[in-house]
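Notes for the one structure printed next.
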2 protein chains.
Amino acid sequence: MKIQRRARTPGRPRAFDADRALDRALEVFWRKGYEGASLSDLTRAMRINRPSLYAAFGDKQGLFRKALDRYAEGPASYTRDALNEATARAAVERLLYGTADAMSDVRNPRGCLLVQGALACGDEASTVKRELIARREAGERALCQRLKRAKLEGDLPPDSDPVVLARYVATVNQGIAVQAASGASRAALRKIAEIALRAWPK
Amino acid sequence: MKIQRRARTPGRPRAFDADRALDRALEVFWRKGYEGASLSDLTRAMRINRPSLYAAFGDKQGLFRKALDRYAEGPASYTRDALNEATARAAVERLLYGTADAMSDVRNPRGCLLVQGALACGDEASTVKRELIARREAGERALCQRLKRAKLEGDLPPDSDPVVLARYVATVNQGIAVQAASGASRAALRKIAEIALRAWPK
DNA sequence: ATACATCTGTACCGTGCAGTACAAAGTATC
DNA sequence: GATACTTTGTACTGCACGGTACAGATGTAT
């Protein structure tokens with residue numbers, strides 16, 4: 001989702017790259033969570049001043065939502081790719097190992113923005129919390145749809161329950177996110193994924 | 001850990017029950033996290049005023065730590081009990097189902113204080129974050145010790161790795177905590193535990 | 001060249017935060 | 001009853017928060 005200035009508009013041109021600034025805001029939210037990230041933290045990291053932030057992204061919640069979109073299309077894009085694997089097993093493998101890798105990527109903060117962005121928070125951030133819940137659930141539903149298809153295709157046993165399996169995988173992913181936030185190594189996270197896959201129906 | 005006033009001391013007696021007040025503080029921290037819980041939230045819930053809070057519990061961090069201790073001995077005490085089960089399998093079963101039940105207990109906030117208390121936060125709360133990491137790791141280590149003993153007793157296969165298994169169980173537990181914070185039902189959480197146990201070595 | 005529209009930077013707004021000073025109130029000892 | 005000692009309640013402190021007013025800067029369109 002490019003934030004682009006309308007071409008051919010008079011007025012002083014924007015002196016910063018909005019996408020680059022958004023990336024920096026994303027990193028701050030990722031590291032500190034929605035509540036923990038102050039506007040001063042954000043403007044410092046984005047290297048713009050406050051009115052520029054408000055003009056380009058709206059208020060703090062607006063900026064956070066745009067950061068969420070960017071997160072989904074960037075660091076978390078593997079989750080969508082994983083669902084395109086040929087088999088349910090391959091999709092879930094790629095999902096779990098992809099999470100292990102993504103959450104221990106040294107170029108990014110540890111853990112998952114969708115989990116640690118606002119897990120428990122004050123009243124003011126509760127709409128943000130609900131937004132994150134909705135996005136996590138959407139991911140789980142997408143996986144569930146993929147597993148239902150797999151069941152129809154005979155790719156999953158007839159007695160398996162896609163709803164429960166999708167919830168299990170989502171749960172392990174979220175658990176891995178917490179482990180990563182605690183500082184667990186990539187190797188440790190991958191071993192978790194390996195064990196978790198032993199529960200997968202044959 | 002009773003907070004008791006020294007007997008036989010002159011002076012105006014405390015007008016509130018410190019343990020009861022601590023329980024109420026625990027609930028606020030549990031629901032809103034460390035950063036999200038303001039002192040006004042806390043004093044309102046505890047039904048005491050600010051100087052009484054500071055006199056009895058120190059500052060906000062001190063209160064939080066005491067709430068953590070109370071959490072461990074109260075709502076989370078099942079984690080210690082679980083390790084006393086006769087077999088590793090029974091211990092892990094009780095741990096996972098216990099978590100599913102505890103985190104969907106209608107008498108308490110949803111989710112796990114050790115997870116959502118301060119997963120990502122601003123700089124000021126980073127020592128609290130580290131404290132929570134340490135406590136989660138301590139729980140994982142305790143389980144690991146139990147599994148090592150089980151291996152020695154022939155209760156776990158010789159090729160199993162207690163470190164990895166303990167990490168897996170801790171991860172599922174933390175994932176269940178996130179699911180609970182998202183509003184998942186008790187039945188859903190128990191099914192997750194059931195699936196997760198399929199990965200357990202025979 | 002001039003008018004106009006937008007962006008930038010500074011300096012500010014009201015509010016809520018964690019933490020505290022201080023006087024009044026209550027209990028034990030003498 | 002006087003004194004010593006602690007808790008209570010009110011009112012306050014300094015500070016950081018999210019958000020904005022406004023003036024000057026910088027571009028495009030005419």
Side-chain angles (χ1 to χ4, degrees), chain A residues 3-22 24-25 28-29 32-67 117-118 121-128, chain B residues 3-22 24-25 28-29 32-67 117-118 121-128:
Chain A
I3 292 159
Q4 55 190 358
R5 60 185 307 253
R6 281 161 291 169
R8 216 191 329 261
T9 312
R12 181 171 176 173
R14 184 173 282 159
F16 61 93
D17 181 325
D19 283 332
R20 195 176 291 267
L22 185 53
R24 290 172 175 149
V28 175
F29 280 130
K32 301 194 168 186
Y34 176 77
E35 272 186 331
S38 73
L39 277 184
S40 298
D41 292 333
L42 291 164
T43 54
R44 195 183 317 121
M46 298 167 84
R47 292 169 205 174
I48 63 179
N49 35 37
R50 224 167 268 229
S52 299
L53 188 157
Y54 276 83
F57 304 101
D59 61 357
K60 192 184 177 186
Q61 284 203 18
L63 177 62
F64 184 71
R65 270 168 228 270
K66 291 190 173 72
C121 55
D123 299 328
E124 194 173 350
S126 63
T127 72
V128 166
Chain B
I3 291 161
Q4 55 191 358
R5 62 186 303 255
R6 282 161 293 166
R8 214 193 327 261
T9 311
R12 181 170 173 173
R14 181 173 283 161
F16 63 94
D17 181 326
D19 284 332
R20 195 175 292 267
L22 185 53
R24 290 173 174 147
V28 174
F29 280 129
K32 301 194 167 188
Y34 176 76
E35 271 185 332
S38 73
L39 276 183
S40 297
D41 291 333
L42 291 165
T43 53
R44 196 183 315 121
M46 298 167 83
R47 294 169 204 173
I48 62 178
N49 35 37
R50 225 166 267 229
S52 298
L53 188 156
Y54 276 83
F57 303 102
D59 61 357
K60 192 184 177 187
Q61 285 203 15
L63 177 61
F64 185 71
R65 269 167 228 271
K66 292 191 173 72
C121 55
D123 299 327
E124 196 173 350
S126 63
T127 72
V128 166

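- Taking each heavy atom of A/Asp123 and B/Lys32 in turn, the nearest pair found is OD2-NZ, 3.2 Å.
- For the pair A/Ile48 CD1 and C/dC7 C1', the computed distance is 11 Å after rounding to whole Å.
- Straight-line distance from the CZ atom of A/Phe16 to the P atom of C/dT6: 15 Å, rounded to whole Å.
- Among the atoms of the strands shown, only primed sugar atoms or phosphate atoms (P, OP1, OP2) are found under 4.0 Å from some heavy atom of A/Ala15.
- Aromatic ring orientation, A/Phe64 versus A/Phe29: perpendicular (interplanar angle above 60°, classes split at 30° and 60°).
- Of all non-hydrogen atoms in A/Asn49 and A/Thr43, the two that sit nearest each other are C-CG2, 4.2 Å.
- Nearest nucleotide to the B/Tyr54 side chain, out of C/dT20, D/dC17, D/dG19: C/dT20.
- One interatomic measurement links the two molecules: CD of B/Glu35 to P of D/dC17, which rounds to 11 Å at whole-angstrom precision.
- The listed nucleotides are C/dT8, C/dT20, D/dT8; the one nearest the side chain of B/Asn49 is D/dT8.
- Evaluation of atom-type donor-acceptor distances gives no pair under 3.5 Å for the side chain of A/Arg50 against the base of C/dG9.
- What you find for A/Ala56 and A/Arg14 is that their closest heavy atoms are CB-NH2, 3.6 Å.
- B/Ser38 has a side-chain polar atom (N or O) that falls below the 4.0 Å cut-off from OP1 or OP2 of C/dC17.
- The side chain of A/Ser40 lies closest to D/dC17, out of D/dC17, C/dA18, D/dG19.
- Judged by distance alone, with hydrogens and angles left aside, A/Arg12 brings no side-chain donor or acceptor close enough to the base of C/dA5 to form a pair under 3.5 Å.
- Separating the CD atom of A/Gln61 from the C1' atom of D/dC17 is a distance of 15 Å, rounded to the nearest angstrom.
- For the pair B/Arg44 CZ and C/dG16 P, the computed distance is 11 Å after rounding to whole Å.
- To the nearest angstrom, P of D/dC15 lies 19 Å from NZ of B/Lys60.
- In this structure, CG of A/Asp123 is placed 16 Å from C1' of C/dT15, rounded to the nearest angstrom.
- Distance from the side chain of B/Ser52 is smallest for D/dT8 among the nucleotides D/dT8, D/dG18, C/dA18.
- The separation between A/Leu53 atom CG and D/dG18 atom C1' is 11 Å, rounded to whole Å.
- Counting all heavy atoms, side chain and backbone alike, A/Lys60 lies closest to A/Ala37 at NZ-O, 2.8 Å.
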